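Being a predicted model, the structure only gives us computed values, none of them experimental. Just so it is clear: chains get the letters A, B, ... in the order the sequence lines come, proteins before strands, and each one is counted from 1.
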Protein chains: 4
Amino acid sequence: MKQKRPKYMQIIDAAVIVIAENGYHQAQVSKIAKQAGVADGTIYLYFKNKEDILISLFKVKMGQFIEQMNEEMKTKHSATEKLALFIRKHFELLSGDRHLAIVTQLELRQSHRELRLKINEILKGYLTILEDIITEGIEAGEFKSTLDVRLAKQMIFGTVDETVTTWVMNDQKYDLPQLADSIHELLIHGFSHGNKEEK
Amino acid sequence: MKQKRPKYMQIIDAAVIVIAENGYHQAQVSKIAKQAGVADGTIYLYFKNKEDILISLFKVKMGQFIEQMNEEMKTKHSATEKLALFIRKHFELLSGDRHLAIVTQLELRQSHRELRLKINEILKGYLTILEDIITEGIEAGEFKSTLDVRLAKQMIFGTVDETVTTWVMNDQKYDLPQLADSIHELLIHGFSHGNKEEK
Amino acid sequence: MKQKRPKYMQIIDAAVIVIAENGYHQAQVSKIAKQAGVADGTIYLYFKNKEDILISLFKVKMGQFIEQMNEEMKTKHSATEKLALFIRKHFELLSGDRHLAIVTQLELRQSHRELRLKINEILKGYLTILEDIITEGIEAGEFKSTLDVRLAKQMIFGTVDETVTTWVMNDQKYDLPQLADSIHELLIHGFSHGNKEEK
Amino acid sequence: MKQKRPKYMQIIDAAVIVIAENGYHQAQVSKIAKQAGVADGTIYLYFKNKEDILISLFKVKMGQFIEQMNEEMKTKHSATEKLALFIRKHFELLSGDRHLAIVTQLELRQSHRELRLKINEILKGYLTILEDIITEGIEAGEFKSTLDVRLAKQMIFGTVDETVTTWVMNDQKYDLPQLADSIHELLIHGFSHGNKEEK
DNA sequence: GATGAATGAGTTTTCATTCAT
DNA sequence: AATGAATGAAAACTCATTCAT
């Protein structure tokens, strides 16, 4: 497996740093090579082309992300708790790596349409976790039976993603994970007061 | 004279079409000029540079967007209704112009960081509408008094934006506005059943 | 005759100012038109093209130059005196019009080879004055009979031209005409002491 | 490998030829690259930009010029002889490289003001040689004690420069170095007969 | 005569990728 | 495996000139 060769990860980590610090369009292969401490040509022994670095970067980081998420998920037994964990964990993982947060929220979105489609494919694996939580919540009677899984998924992901992006754009100057509970509460109970009878 | 519309709008409309059909990075000035039916140089009589076309495009379209939104907003008198209108209108406006939807949801996001910051400035005017609705809802007692305006705003915008992007990525093959009511319901009451006592 | 139409001179004077203040390569036709207070298109009613403005500019100014030079030349009756007058007059005329000095010494030299050849043609009329002075000086026995007219001409013109250029490059901050006598003395008697026998 | 010379000199030599044969404004980087037998991009491994090629060209050639000049200067022991050498050598060096002569006398003068200022800086090193000769001549009593060093410098350089330029404009069709002695004689003794008493 | 909106040709530079060593 | 010198394709923008009014 490629991933075991040390230079592979060395280059990916270099890419994260270079992209975060210089921006997507200023992240030339030569800069990444220099940051990784290898020659330009060496990059191409480990990656097919530049796009492959970016996809691999996303794949590797997302893989670690999913792994950690799944690991902790085992400790929770209700969909409500799992959702709370998902949100908090999502925030913790991104606020724990400032470079990565910049790369995923701002820089990688500047990539070509084609690359973004591939990134979306990888993202699906992550969104599956959400789907499972929602489905479980419906089946367990925690969530309303009429809940549209796809919409709920877009709502959760759209909300956390927008929240992280706003945080990154504001130079990451406030604490992200502490927003998790409020967001969870809003997703579960909405903006209104508790008694639906008001309506 | 072929066109009575001033060339300014002619070029902006051409840019929307060219970007939607060719992608951001394949939208050369010469292509836009050709689509607009003017010479390359003419572009520069109306726009400072290529970036200026894109910013102007966003400004003009967003301006029309805000105007229409505010116009209809007058007919609604509760925050709940206004929110429902906002969501539906947002969907209607974007599903009513397929090219523009592709441009705003996919292509313009590939722009340089600097350009995206300018776009965000323009977007703030739009998000202000949301803020006003939320504040009004809290003051009128429709929304819970503990509602964090910023979070609620991110939640609404994150949700509708993610929903539209997913729709565009799926080649706009289903009806977007009909999702509005479900989303509104979820935002107001959350995923759970009505009785908070369960919790 | 074109030259009598007021706009012709208006445009030429505008060109001198614009070129002196902006440099040759930043002296666009539109800038000259604006400075002259006419529309861009109007330029082309009086001049064939941009190059024609520059040639005409040089022709007109050089014509005035030659006229004034010849006028005063009548008052001198020895070649030595005429040469002294030539040098002083050359300096006076150029130090009397700071814009023109910049244009002739620095900016017009940046023009295309072709234009410079045309300028050289016009310059010949001016250099003829020099030739006449030298020939007269030889015939009158004031200058050595072995004097090579062509070389002497190049020496005089090369010296005064280099002197003016240096003065312009030093921002015209010292008095140019007061150098005339020293230069004249050097041209007539050279660097050495008076007694040729030393050699 | 065709050439053993480092590409740096290869490109500079190519630039001299291309500029001489096509003129300053028709000397595109691609033409220079082709003449040098390298790819366009290779130019930018050795030079920052096009202007850098031109400055480097002038620096290198002027450096060689100064070096040769200084070398031979050692063999002469009077200022008069040194001046004679300077003039002859200046003519020899330029008439020995027809392309270079065209470039320095005609083409490089069309460059932007900014570039010309840089060229002038480099030229100062050359003019220093002249200054030293003049100062030495005054101190040794060869030249008159009232001689203004700056004026004398402008006179010498103005004269030789104008002479070379005229020669280039006349398609280099006569022998330049053979003019050296006459010019030297004129600079030392002037246009007049030897006996200053005439005056 | 006068206007000025419109035209469109033309060139430097960057950077992902290759391949001889 | 590793290197890094060399490659070459690709696009925004300026400005002299025209011509319909």
Side-chain angles (χ1 to χ4, degrees), chain A residues 5-8 11 25-34 36-54, chain B residues 1-3 6-8 10-11 25-34 36-54, chain C residues 5-8 11 25-34 36-54 112, chain D residues 1 6-8 10-11 25-34 36-53:
Chain A
R5 281 179 297 177
K7 289 204 173 144
Y8 181 88
I11 291 165
H25 291 286
Q26 282 308 303
Q28 293 87 351
V29 172
S30 60
K31 246 181 214 158
I32 295 172
K34 197 174 180 184
V38 300
D40 294 16
T42 305
I43 299 267
Y44 291 86
L45 297 176
Y46 295 90
F47 299 90
K48 211 171 79 236
N49 49 34
K50 188 180 179 182
E51 186 182 295
D52 189 29
I53 306 176
L54 303 175
Chain B
M1 205 190 298
K2 285 177 191 167
Q3 309 266 358
K7 293 214 160 63
Y8 181 85
Q10 208 170 317
I11 292 165
H25 290 286
Q26 280 307 305
Q28 293 88 347
V29 172
S30 59
K31 249 182 214 159
I32 296 173
K34 198 172 178 184
V38 300
D40 292 18
T42 305
I43 300 268
Y44 293 88
L45 296 177
Y46 295 91
F47 300 91
K48 215 169 75 239
N49 48 35
K50 188 180 176 180
E51 184 182 298
D52 190 28
I53 306 176
L54 304 174
Chain C
R5 283 180 296 177
K7 287 200 174 148
Y8 181 87
I11 291 165
H25 290 287
Q26 281 307 304
Q28 293 86 352
V29 171
S30 60
K31 247 183 214 159
I32 295 172
K34 199 174 180 185
V38 301
D40 292 17
T42 305
I43 299 268
Y44 291 86
L45 298 176
Y46 295 91
F47 299 90
K48 211 169 80 237
N49 50 33
K50 188 181 179 181
E51 188 182 293
D52 190 29
I53 306 177
L54 304 175
H112 294 260
Chain D
M1 202 190 299
K7 293 214 162 62
Y8 180 85
Q10 207 170 317
I11 291 164
H25 290 286
Q26 279 308 304
Q28 292 88 348
V29 171
S30 58
K31 249 181 214 160
I32 296 173
K34 198 173 180 184
V38 301
D40 292 18
T42 305
I43 300 270
Y44 292 87
L45 296 177
Y46 296 89
F47 299 91
K48 217 170 72 239
N49 50 33
K50 187 179 177 180
E51 183 181 300
D52 191 28
I53 307 176

query: For B:Glu51 and A:Gly41, take the nucleotide of DNA chain F holding the closest heavy atom to each; which residue's nucleotide lies nearer the 5' end?
result: A:Gly41
task: For the side chain of D:Val29, starting at C-beta, report the closest nucleotide among E:dT13, E:dT11, F:dT17.
output: E:dT13
- request: Return the value, rounded to whole Å, for the distance between atom CG of B:Asp52 and atom C1' of F:dA12.
  value: 14 Å
message: Can you measure D:Phe47 atom CZ to F:dA6 atom P for me and round it to whole angstrom units?
response: 13 Å
query: Where the side chain of B:Val38 is concerned, which of F:dA12, E:dT3, E:dT7 is the nearest nucleotide?
result: E:dT7
task: Measure the shortest side-chain to side-chain distance between C:Gln26 and C:Lys31 over non-hydrogen atoms and say whether it is less than 4.5 angstrom.
output: yes
message: Looking only at the side chain of C:Asp40 (C-beta and beyond, no hydrogens), which of the listed nucleotides F:dC13, E:dG4, E:dT12 gets closest?
response: E:dG4
query: Which residue lies toward the 5' end of DNA chain F, D:Ile43 or B:Thr42, if each is placed at its nearest nucleotide?
result: D:Ile43
- prompt: Measuring from A:Ile43:CD1 to A:Tyr8:OH, what's the distance to the nearest 0.5 Å?
  reply: 12.0 Å
task: Send over the distance from A:Lys50 NZ to E:dT18 C1', rounded to a whole Å.
output: 17 Å
field: CG-CG distance between C:Asn49 and C:Leu54, expressed to the nearest 0.5 angstrom
entry: 9.0 Å
- request: Describe, as an angle rounded to 10 degrees, how the axis at the first end of the helix from E:dA2-F:dT21 to E:dT21-F:dA2 is tilted relative to the axis at the last end, five pairs per end.
  value: 10°
message: Tell me the interatomic distance from C:Ile11, atom CD1, to F:dT17, atom P, rounded to whole angstroms.
response: 14 Å
- prompt: What nucleotide among E:dG4, E:dA6, F:dA11 has an atom nearest to a side-chain atom of C:Ala39?
  reply: E:dG4
- prompt: Do A:Lys7 side-chain atoms and A:Ala36 backbone N/O form a donor-acceptor pair below 3.5 Å?
  reply: no
- line: Here the gap from A:Ile32 atom CD1 to A:Asp40 atom CG, rounded to the nearest 0.5 Å, amounts to 10.0 Å
message: Under 4.0 Å from OP1 or OP2 of E:dA2: is there any side-chain N or O of C:Lys7 that close?
response: yes
- request: Write down the distance between CD1 (D:Ile32) and P (E:dT11), rounded to a whole number of angstrom.
  value: 13 Å
- line: Considering only heavy side-chain atoms of B:Tyr44, the closest of F:dC13, E:dA5, F:dT7 is F:dC13
- prompt: From the list E:dT3, E:dT12, E:dT17, which nucleotide is the closest neighbour of the side chain of A:Asn49?
  reply: E:dT17
- prompt: What's the NZ-C1' distance between C:Lys34 and E:dG4, to the nearest Å?
  reply: 13 Å
query: Is any side-chain N or O of C:Tyr46 closer than 4.0 Å to OP1 or OP2 of E:dA2?
result: yes
query: E:dT13 C1' sits how many Å from D:Gln28 CD, rounded?
result: 14 Å
task: Determine whether the aromatic ring centres of C:His25 and C:His112 lie less than 6.0 Å apart.
output: no
Any B:Tyr46 side-chain heavy atom under 4.5 Å of B:Ile53 side chain: no
- prompt: In Å and rounded to the nearest 0.5 Å, what is the CZ to OG1 distance from D:Phe47 to D:Thr42?
  reply: 11.5 Å
Value in whole Å for how far the P atom of F:dT14 lies from CG of B:Leu45: 11 Å
